[in-house]
Amino acid sequence: MEVKQEILTPMKVEKTNGNVPTPPPTTTTTTVMDDDLFDDEASPPQPNKKLKAENGSIKKLTPTPKPAPVTPKPTAAVNGKKPIPKKKPVDSSSDSDSSDSSSDSDSDSSDSDSDSSSSDSSSSDSDVPKKKPISKIPNKPSGTVSKTSKNSPKTTTTTTTTTTTVKSKPAPKVKPEQSSSDDSSSDSSDDSSDDSSSDSSSEEEKPKKKPSKKPAAVKKEITVKKETTTTTKKTPVKKEVEVKKETKTTTTKKVKKEESDDDGEDEKTTTKKKTTTRKRKLKEEEEGEEEEEEGVNKWWDKEDDEDDGTKWTTLIHNGPVFPPAYVPHGIKFMYDGKVVKLTPKQEEVATFYANYLETDHVKKQAFKDNFFKEFKGLLTSEQKEIVKKMDKCDFSHIHTHLKTKKEQRKARSKEEKDAETAEKKKIQEKHGFATIDGFKEKVGNYMIEPPGLFLGRGQHPKTGMLKQRIMPSDVTLNIGEGEVIPPSPIPGEKWKEIVHNNTVTWLAFWRESVNGGFKYVWLAPSSKIKGQADRKKFEVARGLKNCIGDIRKGYQKSFNDESTEKRQLAVALYLIDFLALRVGNEKGEDQADTVGCCSLRVEHIKLESNNTITLDFLGKDSMRYLNTVQIREDAYKVLKTFVKGKKPTDLLFDSLTVTQLNNHLKKQMTGLSAKVFRTYNASITLQKELDKMDTKEFQSIDEKILFYNRCNREVAILCNHQKAPPKNLAETMSKIDEKIQELRDLQDLCRIKIGKTPKSQQEDIESREAERLPKLIQLAITNKKDKDKEKTDKEISFDVKAAFEKSRTLPDAKGKIKEKIAKYEEQIKKQEILKTGKDELKTVALGTSKINYLDPRITVAWCKKNKVPVDKIFTKSLRDKFPWSDVGTDYIF
DNA sequence: ACTAATGACTCAGAAAGATATCT
DNA sequence: CAGATATCTTTCTGAGTCATTAG
């Protein structure tokens, strides 16, 4: 049923990038809160009901027997475009909660107030944004943290506790000094030292360019070192290096293992290993223990560094890894039926294209045109005589070759796979970590992006252009002063530049060829440097909670200001706050046409009746935002004047710039900018939703998780986080339906046997049953693979039939039959839940908000309170990312 | 003094890979 | 238990935000 809708979405869809179906268009209106409420801090963020509307109300979980039948709501409006103005959100079926949540979002203002006050008390740093003075060396999280005590050696977190626990061992200190000792890093360092020397020498040759553009602003006295410098010191350097090396190694060693899995102990950390599960588990445990031995940098328990603009004191790493050189395959490329011989370079580019032959990319004219231009640019003049039109190029042989290769790869033996992973691991050990201020940290993206075709999202004018291969001479490294400079991994190549800029956090950067943009190598999210920034982000958002009331009052007051600028600013801010829109910076012509709040054009908004507006535009990543919502009457009236007399392509907020808006916000609160509203509204929404949990209804862990996901979903809808529906969604859904029907029929058969009335007509049951057997047989025949190869179709058919009949045989005892009915009921329930969950989440992406917008402490507190293991909600990498989120159940955002 | 351009960092969904579940 | 398939995680890299600098 609902199936189809995605497909039909209106043209708009196309605009979104081909594969992303637009969100379902249905819209609903939401009511606005009243002024008064609004004034309060608590005003609720708003309503992007679009997705929500789509499937109608959320079904209740039904722990109780009789699950409500899942009715797929009318998802009706399928076709987007114009939403019907006010469709009532919840349908009858929905129950209270869903309805509540939607409409009310506003209502609960009160709590926020209270929260605010309490907030301070709760977690560690209470302070508001900006910097915090707090001291407290030891564990500061006052909450109830069960957290690991600082010294106990292996604390295992209690189940519910959070995130990674830390290991024991006092954190190593930051000082690098130390005696020498062995060196684990020997190879790298050794090599490097040699190479580096050479490097440096080479570097000295080209000292001049340094001054020109340094990516990093060298502020204050950061030393930006160019090769020159290095050179000068060269000799000395070497020496120093040696010494340093030793020290360093030790340090490293000490620190090693900082990255722990910590909960490895408990059952499921997921390291990826391809051993069987059992094995894997064992392994993990071992690892876990090992790690326990080493110290960890529990930065979150310590006082924050003061914010003086420097991001680190010492920084050591081995540089990024470059993609392997191209290996020509010699497969023919044809033009107009004739083979055209290609050089390796040409062949490489042709191969990039061939790889996309079966994708939607090649359906875009821009992709083909851009590619062809690039490709032609590589051809010799003789070749150009022949190759003139893209349409006559035939990359199919190459494409076939690629496919074969892919299959081969998939089929490679276990040994090969193991060897490959071992190799990967080795590289990761060397390049995947950096030592920063004496602690070993994971590097996020230490692999340089391979060359290929640029795949922009949506209607990007540059899609299909060639992304050039990046060489060491394109890459600038940022490394601690005096540290060993890693040798260039490619012989004959030198690094573009070496800098020592401790006001930034990148380890390396290069410029990408298509848009001339910067690409950086950063530390992983689990690193202290990222973690602190992340925590700070949430602290700023929490700080907003204290001023949100004033800010709201402020902009509401300005709706009628005499200055157009002020009025526009006020309304824009209102939309950002209420609808969680992005701010919308200006964009160039050479980018996809997407907008945010400040860049909205008149064509993106429709003023309906009853103070309702419909926003329909492509936002970040060309994701369609479609929402019909009722807004404040005063805002509506002003908006009307902004639209008046303008062309569809004119800016809605023509007198407003993003800079003005942010400057205004900065004045209201330190650290405040437009994006903070998204973080704030997302987190506060999660907290409010979670607070609504009815513990009677959601009892099992699975039910609680389902509940959590629903709360998470509210946030995802608010932020318009979407995903393409699974490819075979329709199929999966109807499969589930079929299964449910079958279970029901089986139940009925049981009922008939014991003389009870079945739920459906006996003939219907029989006819459905009659259809099932042949289907099963057919399926078994088609599926017979190597395994039953020797069996004839007849035999299979016979076997299947036997199995089928066996499954329909009922015991004679009445009690047993009743048991059976109950069992089926359970299975049905399970399927219903599954279906409901799938339906609710088919186009909603929960991940983005979980990773970026939701204060993890809210989740941790909820988990503890409800005895849900955190690892059911946070994956390993999320737990690693939020080691600082271990708070007590009383944490309030 | 003000824009426009830079630079650095956060946030996005898809693709790829790993694991779990089904048959 | 094996292989297929569904689902969950991680990787990848494009696309925003926004403060700072350049002109």
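Chain letters run A, B, ... following the sequence lines, proteins first, then strands; residues in each count from 1. Just the heavy atoms: all of them, side chains too, but no hydrogens, waters or symmetry mates, feed the values below. Only a predicted model underlies this, so the values are computations on that prediction, with no experimental measurement involved.
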Quickly work out the [X] [atom1] to [N] [atom2] distance and round it to whole Å.
X	N	atom1	atom2	result
A/Trp522	B/dC9	CH2	P	5 Å
A/Asn663	C/dT17	CG	P	16 Å
A/Leu453	C/dG14	CG	C1'	15 Å
A/Leu706	C/dC8	CG	P	12 Å
A/Leu455	B/dA14	CG	C1'	10 Å
A/Lys876	C/dT10	NZ	C1'	12 Å
A/Lys519	C/dG14	NZ	P	4 Å
A/Glu586	C/dC18	CD	C1'	13 Å

With respect to the side chain of [X], which nucleotide from [options] is positioned closest?
X	options	result
A/Met623	C/dT17, C/dT13, B/dG13	B/dG13
A/Phe518	B/dG7, C/dG14, C/dT10	B/dG7
A/Lys675	C/dC18, B/dG7, C/dG16	C/dC18
A/Lys587	C/dG16, C/dA15, B/dT10	C/dG16

Compile the donor-acceptor pairs under 3.5 Å between side chains in residues 443-450 of chain A and protein atoms, sequence neighbours left out, one pair per line.
from     : atom 1 : to       : atom 2 : distance (Å)
A/Asn445 : OD1    : A/Trp522 : N      : 3.1
A/Asn445 : ND2    : A/Tyr520 : O      : 2.8
A/Glu449 : OE1    : A/Lys467 : NZ     : 3.2
A/Glu449 : OE1    : A/Lys519 : NZ     : 3.4
A/Glu449 : OE2    : A/Lys519 : NZ     : 3.2

Do the side-chain N or O atoms of [X] get closer than 4.0 angstrom to the phosphate oxygens (OP1, OP2) of [N]?
X	N	value
A/Asn585	C/dG16	no
A/Thr594	C/dG16	yes
A/Arg678	B/dT10	no
A/Tyr853	B/dA12	yes
A/Ser673	C/dC18	yes
A/Arg582	B/dT10	no
A/Thr848	B/dG13	yes
A/Thr659	C/dA19	no
A/Asn445	C/dC12	no
A/Lys462	C/dG14	no
A/Lys311	B/dA8	no
A/His721	B/dC11	no
A/Lys537	B/dC11	yes
A/Lys838	C/dT7	yes

Do the two ring centres, one from A/His721 and one from A/Tyr853, sit under 6.0 Å apart?
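Yes, the ring of A/His721 comes within the 6.0 Å limit of the ring of A/Tyr853, centre to centre.
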Please check if the distance between the ring centroids of A/Tyr356 and A/Phe371 is under 6.0 Å.
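No; A/Phe371 has its ring centre 6.0 Å or more from that of A/Tyr356.
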Is the side chain of A/Lys587 donor-acceptor paired with the backbone N or O of A/Ala592 at a distance under 3.5 Å, no angle test?
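Judged by distance alone, yes, a pair lies under 3.5 Å.
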So which one's nearest nucleotide on DNA chain B is more toward 5', A/Lys406 or A/Asp534?
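Upstream on the strand: A/Asp534.
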Return the 5'-most residue of the pair A/Lys739, A/Thr679 with respect to DNA chain B, ranking by each residue's nearest nucleotide.
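With A/Lys739 and A/Thr679 compared, the 5'-side residue is A/Thr679.
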Does B/dA15 pair with anything, Watson-Crick or G-U wobble, both distances under 3.5 Å, and if so, with which nucleotide?
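Because both required distances fall under 3.5 Å, B/dA15 counts as paired with C/dT10.
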Touch class at under 4.0 angstrom, heavy-atom based, for [X] against every strand present:
X	result
A/Ala592	nothing
A/Pro525	nothing
A/Gly596	nothing
A/Lys410	nothing
A/Lys735	sugar-phosphate

Which residues pass the salt bridge (Lys or Arg N to Asp or Glu O under 4.0 Å) test with A/Asp474, sequence neighbours left out?
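Not a single residue meets the salt bridge (Lys or Arg N to Asp or Glu O under 4.0 Å) criterion with A/Asp474.
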Quick one: CD on A/Glu441 to CG on A/Leu315, what's the gap to the nearest 0.5 Å?
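So the gap between those two atoms works out to 10.5 Å.
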When you match A/Ser877 and A/Gly619 each to their closest nucleotide on DNA chain C, which lands nearer the 5' end?
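On the 5' side of the pair lies A/Ser877.
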Pairwise 5' ranking along DNA chain C for A/Lys666 and A/Leu878, keeping only the more 5' one
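Its nearest nucleotide being more 5', the pick is A/Leu878.
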When you compare the side chains of A/Asn720 and A/Gln722, does any donor N or O come within less than 3.5 Å of an acceptor on the partner?
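There is such a pair between these side chains.
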So does A/Glu420 have more than 12 non-hydrogen atoms from other groups sitting under 6.0 Å from CD?
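Result for CD/A/Glu420: enclosed.
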